[in-house]
Amino acid sequence: MKTVLSGIRPTGNLHLGNYYGAMVNFLKMQEECNSFFFIADLHSLTTHPDPGMLHENVRNILSAYIACGLDPEKATIYVQSDIPEIVQLYLLLNMLAPVGELRKTVSFKDKVRQNPDNVNAGLFTYPVLMAADILAFNADYVPVGKDQEQHLEITRNYAKRFNHRYHVEYFKQPTAYVFGQELVKIPGLDGSGKMGKSEGNAIYLTDDPKTVEKKVKGALTDNGPEGQDTPKPDYIENLFTILKVVSTAEVVAHYENLWNTGETKWYGNLKKQLAEDIIKVTAPIRDRINDIKNNDAYLRKVTKEGAEKARERASKTLREVREIMGFKSF
Ligand code: TYM
């Protein structure tokens, strides 16, 4: 059976990008694979979250995982910082991480540009910790959105480098994987390429219907198509991209047709429909999140059992890696 693993940083709640880029795949994979899904709280430290908020955010994502349908009986669900073996592997992998490669990482360059005053070593070695997350479980598949593709490539480099250096075939080459389709990128409604927490343009699963309506209403549009069969500008294409994941094929075809015939004055209807269909997806999840969030005993049980299962697997890897590298006890 294939091993699948993936994680999400707890920096707020899950948004539509996380949901369609990652969550929907987690749900399919827990049925067919040996699955590990975790909350990457150590990764979130790069932006110095308020200590009071860190735990709340972990609680939010954990509740959202379960509310979306992740089942602790089927998948191992855990919090990254509960697994010290990951941190130890991270240190060992750092020795296989040339700084030139890390310096070229797109996510690192983006973050340096966005926050030039907070370029810490944790941010620099972010991909090494991510590789440790994945290789600690020797995962075959990593369901992620398109934005994480490069991190996966780096993980494969470390796996190859380790095998080569120590003349073993120990680590597998994990691949970014999405069932039967290309990797997804959910755009922002502000015309930007990606919906994201840091981008401040996200629609969260926990947003109430009024908030969703307001956010969708505020999406960037213009006066309409400038003729028949003209190409869509990016910000309009973005609306269609989201429509395609939340609405039916008929709805999408209807608005594609309006675009292609060059009619104007239908963006208002499109936004109304889009908000309605987003709410259809998010409202039931939102209700479940609110129920689960306050159930401390249940959340304690899930994370305790998840950590036990995850540590059992990760400590096996660490033991074997140490042996391969030449660590021996007296
Ligand atoms: P994070 O927390 O930014 O996002 C979590 C997941 O959601 C996907 N995603 C998107 N997919 C499509 N469109 C979007 N607009 C969008 N925004 C986010 C991401 O691709 C991701 O799958 N570094 C990771 C967390 C992580 C991890 C790992 C993932 C740490 N260790 C090991 C997999 C394996 C991150 O910051 O994801």
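This chain uses plain numbering: 1 for the first residue, then up along the sequence. Indexing begins at 1, ligand by ligand and atom by atom, following the structure's order.
- Contacts between Lys197 and ligand 1, counted as non-hydrogen atom pairs separated by less than 4.0 Å, involve the side chain only.
- In Tyr20, neither the side chain nor the backbone holds a heavy atom less than 4.0 Å from any atom of ligand 1.
- Annotation for ligand 1: atoms under 4.0 Å from non-hydrogen atoms of Tyr126 are 23 (N), 24 (C), 35 (C), 36 (O).
- Salt bridge Glu312/Lys316: absent, no basic N to carboxylate O contact under 4.0 Å.
- Within ligand 1, the atoms closer than 4.0 Å to a non-hydrogen atom of Gln148 are 19 (C), 20 (O), 23 (N), 24 (C), 35 (C), 36 (O), 37 (O), numbered from 1 in the order shown.
- For ligand 1 and Lys194, the ligand atoms under 4.0 Å from any heavy atom of the residue are 15 (N), 17 (N).
- Listed by number with element, the atoms of ligand 1 under 4.0 angstrom from any heavy atom of His43 are 30 (C), 31 (N).
- Under the 3.5 Å distance criterion, with hydrogens and angles disregarded, a donor-acceptor pair is assigned to the side chains of Gln80 and Asp133.
- If you check the side chains of Asp296 and Asn294, you find no donor sitting under 3.5 Å from an acceptor.
- The side-chain tip of Lys232 points at the ring of Phe240 from less than 6.0 angstrom away and within 45° of straight on.
- Atoms of ligand 1 lying under 4.0 Å from at least one heavy atom of Gly21, given by number and element, are 11 (N), 12 (C).
- With values rounded to the nearest 0.5 angstrom, Ile8 atom CD1 is found 10.0 Å from Gln148 atom CD.
- For atom 25 (C) of ligand 1, the closest non-hydrogen atom of the protein is Gly7 O, 3.5 Å.
- Under a 4.0 angstrom heavy-atom cut-off, Gly196 registers as lying outside contact with ligand 1.
- Asp208 and Thr211 share a donor-acceptor pair across their side chains, judged by distance under 3.5 Å alone.
- Side-chain atoms of Glu101 and Asn157 include a donor-acceptor pair closer than 3.5 Å.
- Among all protein heavy atoms, the one lying closest to atom 4 (O) of ligand 1 is Asn18 ND2, 3.3 Å.
- At a cut-off of 3.5 Å, with distance as the only test, a side-chain donor of Tyr235 or Asp222 sits close to an acceptor on the other residue.
- The contact set between ligand 1 and Ala40, taken as ligand atoms under 4.0 Å from a residue heavy atom, comprises 30 (C).
- Salt-bridge formation is detected for the pair Glu308/Lys304: a Lys NZ or Arg NE/NH1/NH2 atom is positioned less than 4.0 Å from an Asp or Glu carboxylate oxygen.
- Closest heavy-atom approach to atom 13 (N) of ligand 1 within the set Val4, Thr241, Ile186, Leu42: this belongs to Ile186.
- The N/O atoms of Met195, backbone and side chain alike, include one that comes under 3.5 Å of an N/O atom in ligand 1.
- Taking distance alone, with nitrogen or oxygen atoms compared against 3.5 Å, Arg9 approaches ligand 1 more closely than that limit.
- Under 4.0 Å from ligand 1, the heavy atoms of Asp147 that appear belong solely to its side chain.
- Residue Ala22 approaches ligand 1 through these ligand atoms, each under 4.0 Å from one of its heavy atoms: 6 (C), 7 (O), 22 (O).
- Distances below 4.0 Å separate heavy atoms of Lys185 from the following atoms of ligand 1: 12 (C), 13 (N).
- Between the side chains of Lys293 and Asn60, a donor-acceptor pair is found at a separation under 3.5 Å.
- Heavy atoms of Gln80 found under 4.0 angstrom from ligand 1: none, in either backbone or side chain.
- With a heavy-atom cut-off of 4.0 Å, Val142 touches ligand 1 through its side chain alone.
- When non-hydrogen atoms are compared, ligand 1 lies under 4.0 Å from the side chain of Phe38 (C-beta onward) but not from its backbone.
- The ring pair (Phe, Tyr, Trp, His ring centres under 6.0 Å) search around Tyr126 returns His43, His151, not counting sequence neighbours.
- Only the side chain of Asp133 comes within 4.0 Å of ligand 1, counting heavy atoms alone; its backbone N, CA, C and O stay farther away.
- For the residue pair Asp277/Gln273, the side-chain donor-acceptor check at 3.5 Å is satisfied.
- When hydrogens are left out, the protein atom nearest atom 12 (C) of ligand 1 is Val184 O, 3.1 Å; that is the closest non-hydrogen contact.
- The shortest contact between atom 10 (C) of ligand 1 and any protein heavy atom is with Gly17 O, 3.3 Å.
- Two residues are said to be in side-chain contact when any heavy atoms from C-beta on lie closer than 4.5 Å; Tyr166 and Val321 fail this criterion.
- Salt-bridge check for Arg59 with Glu56: passed, with a basic side-chain N closer than 4.0 Å to an acidic carboxylate O.
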